[in-house]
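Here's the structure we're looking at; comments come further down.
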Amino acid sequence: MQMRRFPLGLLLVLSAMFAGTGDRQARAEDLVSGLSQDQIAITSNFTGTDIVVFGAIQNSRSASLASSPAIAVVVRGPKVEMTVRQKQRVLGMWINRHQDHLYGMPGYYYLATSRPLDKIASDGVLARYQIGLENIRATDSSTKGARETEVFTRAAVHRQAELHLYAQNTNGVEFLSPQLF
């Protein structure tokens, strides 16, 4: 899996390993992973870099690529505050009418998986660990209504995706053998 031009962020490798695509029973296996570069120097002329995440699954009982365990790699940038404004037409003019400050949003988010998210884990697990664009949420917000915060959070995620700061690829992890990715 190769990611291009992203700011240095915190790398979190999660593995959700299941016996089959429909089986939600987790198996005990060890995940060994690494990065192609341990350190990246961000200087005034930094324009991005490539990082390759690789790994192997030890004690894997998978005999073929078709039954390979599921892998999700999540890269999150540092937490930032985002201000989201909602425009409204008033007397023929568009003005910023409502706004929300979202705290604890990732500055960058990239998800690569070996299969679709619904084949990896339940909706509850994906939401708990904020895996997938639809599960990103702020740690706090200036509005107190959960429904309002959800609307502003979805708008922020949509905007960050338009700016190529948030992305996900459900075919972004490739297995080279039943244990090596």
Side-chain angles (χ1 to χ4, degrees), residues 1-3 6 9-33 53 55-62 64-84 86 98 100-175 178-179 181:
M1 175 197 68
Q2 196 170 24
M3 294 170 276
F6 65 89
L10 173 66
L11 175 70
L12 173 64
V13 179
L14 301 172
S15 72
M17 300 178 202
F18 302 98
T21 57
D23 186 3
R24 303 269 185 206
Q25 297 276 334
R27 296 185 315 214
E29 296 175 347
D30 294 326
L31 178 68
V32 179
S33 63
V53 178
I57 301 164
Q58 298 178 337
N59 305 324
S60 176
R61 295 184 206 111
S62 300
S64 70
L65 288 172
S67 62
S68 295
I71 300 290
V73 178
V74 178
V75 179
R76 292 178 194 188
K79 292 181 178 182
V80 297
E81 175 187 338
M82 293 182 186
T83 301
V84 182
Q86 181 182 37
H98 303 284
D100 193 2
H101 298 282
L102 303 172
Y103 305 99
M105 295 288 287
Y108 179 85
Y109 183 93
Y110 182 81
L111 168 68
T113 63
S114 59
R115 60 177 71 142
L117 287 175
D118 63 343
K119 305 290 186 197
I120 293 178
S122 68
D123 290 342
V125 170
L126 296 173
R128 182 179 325 128
Y129 294 107
Q130 296 188 39
I131 300 174
L133 294 179
E134 62 279 355
N135 294 311
I136 295 174
R137 62 186 178 278
T139 56
D140 198 12
S141 131
S142 62
T143 39
K144 301 303 176 203
R147 189 173 192 170
E148 274 186 41
T149 298
E150 179 65 23
V151 170
F152 283 103
T153 301
R154 293 299 109 223
V157 169
H158 179 74
R159 180 65 180 144
Q160 294 298 90
E162 284 178 340
L163 295 172
H164 304 287
L165 293 172
Y166 287 10
Q168 66 184 33
N169 181 354
T170 56
N171 294 314
V173 176
E174 178 184 347
F175 274 90
Q179 292 84 23
F181 66 92

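Quick caveat, the model's predicted, so the values are computed rather than measured.
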message = To the closest 0.5 Å, what do you measure between CG (L126) and CG (D118)?
response = 8.5 Å
inquiry  = Restricting to non-hydrogen atoms, name the atom on T113 and the atom on A72 that form the minimum distance, rounded to 0.1 Å.
reply    = CG2-CB, 3.8 Å
Minimum heavy-atom distance between M105 and V157, given as atom pair plus value = CE-CG2, 4.1 Å
message = Whether the side chain of Q168 engages the backbone of L133 through a donor-acceptor N/O pair (distance < 3.5 Å, no angle test) should be reported.
response = yes
task = Please answer whether the main-chain N or O of P106 pairs with a side-chain N or O of Y166 as donor and acceptor at a distance below 3.5 Å.
result = yes
task = Evaluate side-chain contact (heavy atoms from CB on, under 4.5 Å) for V53 paired with V75, printing each intermediate quantity in order.
result = CA-CA 11 Å; V53 178; V75 179; 5.9 Å; no
task = Check R76 against I131 and note the closest heavy-atom contact, atom names and distance.
result = NH2-N, 4.4 Å
request  = Using modelled atom types only, decide if a donor and an acceptor are shared between the side chain of Y109 and the backbone of G132 within a distance under 3.5 Å.
outcome  = yes
message = Pair V151, V84 - check side-chain contact (heavy atoms from CB on, under 4.5 Å), show working.
response = CA-CA 10 Å; V151 170; V84 182; over 6 Å; no
task = State which residues pass side chain to side chain contact (heavy atoms under 4.5 Å, CB included) with E81; sequence neighbours excluded, sorted by chain then number.
result = T83, H101, Y103
note = When every non-hydrogen atom of L102 is compared with those of A156, the smallest separation belongs to CD1-CB, 3.8 Å
message = Test of understanding: with side chain to side chain contact (heavy atoms under 4.5 Å, CB included), list the residues that count as partners of V125, not counting sequence neighbours.
response = A121, S122, R128, Y129
ask   = Between T139 and K79, which heavy-atom pair has the shortest distance, and what is it?
value = CG2-NZ, 4.0 Å
ask   = R159 versus L165: any side-chain heavy-atom pair under 4.5 Å?
value = no
task = Not counting sequence neighbours, which residues clear side-chain hydrogen bond (donor to acceptor under 3.5 Å, both in side chains) with H158? List them please.
result = E162
ask   = Side chains of L117 and L111: does their closest heavy-atom pair fall under 4.5 Å?
value = yes
remark   = Residues at least two apart in sequence or cross-chain that pass side chain to side chain contact (heavy atoms under 4.5 Å, CB included) with N169, listed by chain then number, are Y110, N171
inquiry  = Which residues pass the side-chain hydrogen bond (donor to acceptor under 3.5 Å, both in side chains) test with E134, not counting sequence neighbours?
reply    = none
query = Looking at M82 and Q160, what are the two nearest heavy atoms and their distance?
reply = CE-NE2, 3.4 Å
inquiry  = Taking T149's backbone N and O only, do any of them form a donor-acceptor pair with R137's side chain (distance below 3.5 Å, no angle check)?
reply    = no
